[in-house]
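Worksheet: one structure, shown below.
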Amino acid sequence: MKSTTLLIMAAGIGSRFGGGIKQLEPVGLHDEIIMDYSIHDALKAGFNKIIFVIRKDIEADFRERIGDRVEAICRNAGVEIDYAFQDLNQVPGEVPEGRTKPWGTGQAVLAAKELIHEPFAVINADDYYGKEAFCQLHDWLVLEHADDAIAMAGFILKNTLSDNGGVTRGVCNVAEGHTHITDVVETKDIVKTVCEDGTVGAEADGIVLDPESYVSMNFWGFPAKEGCAPAYLDVLERGFQLFFEKDVTVNPLKAEYLLPTHIGGLLRDGKCSVKVLETKDMWFGVTYKEDKEAVVQNFRRLIEEGVYQKELYSDL
């Protein structure tokens, strides 16, 4: 069986609402945070290496809050843990004066480039994806694929919306047969609507969106030949150079190098194919403080239904 890595982008964790990593409130019965559930599901699916991408300044707090605990669990399971550090100064040029905003998810993956020598998947640290997505991505990664192949866990738009405000999603166009996407467009401020009959809809800037559309939740898979690094990493690095030469010149303080935007560009140029691995699981996340209670209740329900043990890692 091939080795497979899960890359967890956690550089921004704990900062969304002005708190630190140690202040992250639990969502499980025993102080678990959302990331615990992703790690658990990845281990159950068969991933055997986990890389945390964090900022150097949160390393001590991160290890105290989750890293050391998870490392002990993974050690017993024969799973390797490693760390990469995303830094504002890790760029192919000069950092614009006054720039404080991180460079985005594309740069987060590049921060771990030297640590990845096998097929890998990437997720956001603060999103819950469900067990099915991890199994599907892992099983796809251990197969042989062309260098330009990519896989995406395809969530249904209506299952990823917040009751408390707008969200940003990579909205996908899907080829006939719904097996591959032909484009992905990062779409901001998508709000949930509810029709008179109770069905859920969605719109952005007054434009009605198809609530059954596939969306990217930044759960991507990238294959690699045996003993080789994934070809996508070199493509991503070349794209970062172009991004810095073009986008940063136009918008030096706010331009971001985002995975959905980069992959969408590759699709439009015919330089990759993206397989959709559909999941009907509900996505959970705390986009707004008010979302937390619903997330907690959803995890309580999953525990009551037997999807997870009360002691999360006890079934490994």
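What you see is a predicted model; the values in this text were computed from it and never measured.
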Report task. Start with the C-alpha distance between Leu141 and His138, add both sets of side-chain angles, then the distance that settles side-chain contact (heavy atoms from CB on, under 4.5 Å), and finish with yes or no. Result -> CA-CA 5 Å; Leu141 287 171; His138 174 269; 5.6 Å; no
Classify the side-chain pair [X]/[Y] by whether it contains a donor and acceptor separated by less than 3.5 Å.
X      : Y      : value
Asn124 : Asp126 : no
Glu278 : Tyr214 : yes
Thr5   : Glu118 : yes
Gln136 : Glu132 : yes
Gln297 : Glu293 : yes
Ser314 : Gln309 : no

Query raised in the report: Passes salt bridge (Lys or Arg N to Asp or Glu O under 4.0 Å), Lys49 versus Asp82? Steps please.
Result: CA-CA 8 Å; Lys49 181 178 178 181; Asp82 214 332; 5.1 Å; no
Lys/Arg N to Asp/Glu carboxylate O, [X] vs [Y], below 4.0 Å:
X      : Y      : result
Asp163 : Lys192 : yes
Asp36  : Arg69  : yes
Arg300 : Glu304 : no
Glu226 : Lys2   : no
Asp281 : Lys131 : no

Indicate if [X] and [Y] have the same hydrophobic cluster label, given that clusters are the connected sets of ILVMFWY residues with side-chain heavy-atom separations under 4.5 angstrom.
X      : Y      : value
Phe299 : Leu43  : yes
Ile116 : Leu6   : no
Val109 : Leu88  : yes
Met217 : Ile181 : no
Phe243 : Leu266 : yes

**Report entry** Glu94, CD: over 12 other non-hydrogen atoms inside 6.0 angstrom
**Finding:**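 No.
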Requested in this report: For Glu97, look at atom CD and say whether over 12 heavy atoms of other residues, nucleotides or ligands are found less than 6.0 Å away.
Outcome: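 It does not: Glu97 CD has 12 such atoms or fewer within range.
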Requested in this report: I would like to know whether Tyr308 and Tyr37 meet ring pair (Phe, Tyr, Trp, His ring centres under 6.0 Å); could you show each step before the answer?
Outcome: CA-CA 9 Å; Tyr308 296 106; Tyr37 289 88; 5.0 Å; yes
Requested in this report: Kindly say whether Thr287 contributes a backbone atom to a donor-acceptor pair with the side chain of Asp291 at under 3.5 angstrom?
Outcome: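 Yes.
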Requested in this report: Take Lys158 and Glu212 through the salt bridge (Lys or Arg N to Asp or Glu O under 4.0 Å) test and state the conclusion after the steps.
Outcome: CA-CA 6 Å; Lys158 68 180 182 182; Glu212 302 293 335; 2.7 Å; yes
Query raised in the report: If you measure from OG1 on Thr105 to CG on Leu7, what distance do you get to the nearest 0.5 Å?
Result: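 The distance works out to 10.5 Å.
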**Report entry** Step-by-step salt bridge (Lys or Arg N to Asp or Glu O under 4.0 Å) determination, Asp31 to Arg65
**Finding:** CA-CA 10 Å; Asp31 206 32; Arg65 182 67 178 88; 3.6 Å; yes
Requested in this report: May I have the step-by-step check of salt bridge (Lys or Arg N to Asp or Glu O under 4.0 Å) for Asp234 and Lys113, ending in yes or no?
Outcome: CA-CA 9 Å; Asp234 287 334; Lys113 183 174 185 286; 3.3 Å; yes
**Report entry** Aromatic ring proximity, centroids under 6.0 angstrom, Trp220 and Tyr232
**Finding:**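 Ring-ring flag for Tyr232/Trp220: false, centres at least 6.0 Å apart.
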Query raised in the report: What closest approach, in Å, do Leu110 and Tyr257 show between heavy atoms, and which atom pair accounts for it?
Result: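 Nearest pair, atom of Leu110 first, then Tyr257: CD1-CE2, 4.4 Å.
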